[in-house]
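Every chain is numbered from 1 and lettered A, B, ... according to where its sequence line falls, protein lines coming before strand lines.
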Amino acid sequence: MKVLVAVKRVIDYNVKVRVKSDRSDVDLANVKMALNPFCEIAVEEAVRLKEAGTASEVVVVSIGSKACQEQLRTALALGADRAIQVEAADQLDSLSVARILQKVAEEESADLILLGKQAIDSDNNQTGQMLAALMDRPQATFASAVVVEGESLQVTREIDGGLQTLSLNLPAIVTTDLRLNEPRYASLPNIMKAKKKPLDVKTPDELGAQLAGSVELLGVEPPAERQAGIKVSSVEELVDKLRNEAKVIA
Amino acid sequence: MSILIIAEHDNQSLKPVTLNLVTAARQIGGDIDLLVAGENAQAAAETAGAIAGIRKVILADHAAYAHQLAENLGKLVVELADGYSHILAPGTTTGKNVAPRVAALLGVNQLSDIIAVEAADTFKRPIYAGNAIATVKSTDAVKVMTVRGTAFDAAEATGGSAAIEACGAVHQHADVRFVGEELAQSDRPELTAASVVVSGGRGMGNGDNFELLNKVADKLGAAVGASRAAVDAGFVPNDMQVGQTGKMVAPELYIAVGISGAIQHLAGMKDSKVIVAINKDEEAPIFQVADYSLVGDLFEAVPELESRL
Ligand SMILES: Cc1cc2nc3c(=O)[nH]c(=O)nc-3n(C[C@H](O)[C@H](O)[C@H](O)COP(=O)(O)OP(=O)(O)OC[C@H]3O[C@@H](n4cnc5c(N)ncnc54)[C@H](O)[C@@H]3O)c2cc1C
Ligand SMILES: Cc1cc2nc3c(=O)[nH]c(=O)nc-3n(C[C@H](O)[C@H](O)[C@H](O)COP(=O)(O)OP(=O)(O)OC[C@H]3O[C@@H](n4cnc5c(N)ncnc54)[C@H](O)[C@@H]3O)c2cc1C
């Protein structure tokens, strides 16, 4: 079974982003970047499938400017075999990303395609579903457990009401949720080894992917700031404030 | 303009979030139709028809739609899409699962989790865990979007009498099968619809201690939520997680107990009207967004709170 994992370079999750003073966009200058946490979980799952002898090869792909090669190297250090960078603008729209991923998946004849459930910058939560639709293949989003059973997968999904289990025939698309696994740290020897693993660069044109791009960003603003609150010294005072000042309890 | 709303329901009843979507649709303007796709979902369709201001309800009743599988539902919506200027789905796990499939099949991008309607083609949506609000404009012929329910008031559930139109189209993907589900059973209100939410974090120590919060919740008619750390530690199930990657809540009152206030948690609750934080660490970031901060041990404060309610 060949596994393809799509990974995105995003702002590090510990960084609190700021809006630029002209409100045209957020300020990403000199901000620490990292592998999207959900993508890291996707890579980990793929590598575990390889270690278990279920997956034959793990290929990682990222779409963006050359900078995303850094995250591809991270994924290689975590255990992926090979990487592909598709050279394109950063912040490409999700449909374009999905169309490019479709071409890569077809070229690679991937059996299982893993993505993060959402990128923590744009918080879109849509690329995996779009890819599955374009390929007319089944999807299991928000996965918290994946079991391979021959030519099919049994996937547990985290849904609003609890957990749901689906069975999918391969090829299939799975997007990861937080509790699927706990990603490992890359060891120094593996970071060194990753530098020698193959990393190909392609363009959307070479792949024959048509870009979409119909969402225009008009501006970005900071969220409404909350008024500073007060410190209460006792539970008694708290209950009194909630009752008589905020009037949110009876 | 005409708008199709994908209704959220469990075949018997409509989920309240559907009413919030109706309000969003009214702000966009135009005729509003509701799609109820399910199995033996006549009852849900009838409730949908009673919402004031709906043009019609489309009922697709078939086993293929019983579990809202995105592969089947997506194709159904695409078949019905002709003539609609907007297709709205709730920002729930069901809505997020299906709407991007619809968008991709229609060859358009999706607007995720909108929180305000500026114009029929321009919307606001939070990005970066709510640390920035983007205004985005779509030039697509049909706008496919998911809507954050808590950002819009609920429409009146009654007063309408829209006709129910049956739709016989059946789409059944051969490569996906529903195996089963484990749904949380609770008599408490749903987290995203509750007017009071009491949430616990790692500070709760274990799952049994959540009983302290349950007792407070029972007195306040509240829902109980949790931080990711509490879910990861196995104290409570995943459906209770509030935050950037869990549920978005905006109740009248949010009580955070033993939660530090990481940005990912704040993303899911900082639009609450009144926030109370109980934490023993006076430096905890949760206090920066709290209206009422109580520094102290939760194991003393929470039982006392319960006794005073
Ligand atoms: C500040 C800001 C400005 C923006 N401006 C514009 C704009 O001007 N025009 C516009 O059209 N859009 C704009 N966007 C939208 C946004 O850039 C894209 O929609 C988004 O990058 C595409 O994927 P996603 O991150 O939303 O995917 P999600 O669906 O949230 O991500 C899910 C998964 O998809 C995979 N994935 C996503 N992107 C990639 C990638 N590049 N390479 C490999 N795998 C990937 C990963 O596995 C990821 O975990 C903007 C967003 C932000 C935050
Ligand atoms: C990609 C990603 C997505 C994430 N998504 C989410 C999300 O959706 N939701 C979410 O919540 N988190 C999310 N997180 C995790 C987040 O970063 C934090 O790790 C998490 O919110 C911490 O939970 P906590 O506040 O319960 O735990 P901690 O940060 O450990 O805080 C526990 C608090 O309890 C207090 N405490 C301990 N004992 C007592 C006592 N006896 N009395 C009073 N106070 C006490 C402590 O002072 C401390 O402030 C995400 C992280 C990542 C990387």
Given a strict heavy-atom distance threshold of 4.5 Å, which part of [X] is in contact with chain A: side chain, backbone, both, or neither?
X	answer
B:Lys247	side chain
B:Ala174	backbone
B:Leu294	both
B:Lys143	neither
B:Leu305	both
B:Asp232	both
B:Gln288	neither
B:Ser195	neither
B:Ala301	both

Keeping [X] on the side-chain end and [Y] on the backbone end, is there a donor-acceptor pair under 3.5 Å?
X	Y	result
B:Asn131	A:Pro223	no
B:Thr146	B:Ala89	no
B:Asp140	B:Asn109	yes
A:Lys247	A:Asn244	yes
B:His265	B:Val242	yes
A:Ser96	A:Ala212	yes

When only pairs under 4.5 Å are counted, which of [options] shares the most heavy-atom pairs with chain A?
options	value
B:Asp271, B:Leu253, B:Val302	B:Leu253
B:Gln241, B:Met240, B:Glu190	B:Gln241
B:Thr94, B:Asn97, B:Leu105	B:Asn97
B:Glu118, B:Gln264, B:Lys219	B:Gln264
B:Ala104, B:Gly107, B:Gly74, B:Pro100	B:Pro100
B:Thr135, B:Leu69, B:Val108	B:Thr135

What part of [X] is in contact with chain B, defined as an atom under 4.5 angstrom from a non-hydrogen atom: side chain, backbone, both or neither?
X	answer
A:Ser234	backbone
A:Ser152	neither
A:Ile249	side chain
A:Leu238	side chain
A:Arg99	side chain
A:Ala132	both
A:Leu170	neither
A:Val19	side chain
A:Val17	both

Minimum heavy-atom separation for [X] to [Y], with atom names?
X	Y	result
B:Phe287	B:Glu282	CD1-O, 3.6 Å
A:Met1	A:Asp111	CA-OD2, 3.4 Å
B:Ile263	A:Tyr13	CD1-O, 3.5 Å
A:Asn169	A:Arg137	O-NH2, 3.2 Å
A:Leu4	A:Ala110	CB-CB, 3.7 Å
B:Lys270	B:Ile275	CA-CD1, 4.1 Å

Below 4.5 Å, heavy-atom pairs only: which of [options] has the largest tally toward chain B?
options	result
A:Leu131, A:Val15, A:Ile159	A:Ile159
A:Ala224, A:Ala133, A:Ala250, A:Gly229	A:Ala133
A:Gln227, A:Glu236, A:Lys16	A:Glu236
A:Asp177, A:Ile230, A:Val248	A:Ile230
A:Arg243, A:Glu225, A:Arg18	A:Arg243
A:Val239, A:Thr175, A:Asp160	A:Asp160

Test item: side-chain donor near acceptor, [X] and [Y], under 3.5 Å:
X	Y	result
B:Gln244	A:Asp123	yes
A:Gln164	A:Arg157	yes
B:Ser112	A:Gln126	yes

Parallel, tilted or perpendicular: which one describes the rings of B:Phe178 and B:His67, with boundaries at 30° and 60°? parallel
Ion pair check, [X] and [Y], cut-off under 4.0 Å:
X	Y	result
A:Arg48	A:Glu44	yes
A:Asp25	A:Lys20	no
A:Glu158	A:Lys117	no
B:Glu252	B:Lys273	yes

A quick test of your reading: do over 12 heavy atoms of other residues, nucleotides or ligands sit less than 6.0 Å from CD of A:Glu245? yes
Name, in order of residue number, those residues of residues 139-150 of chain A that have a heavy atom at a distance of less than 4.5 Å from a heavy atom in chain B; otherwise write 'none'. A:Gln139, A:Thr141, A:Phe142
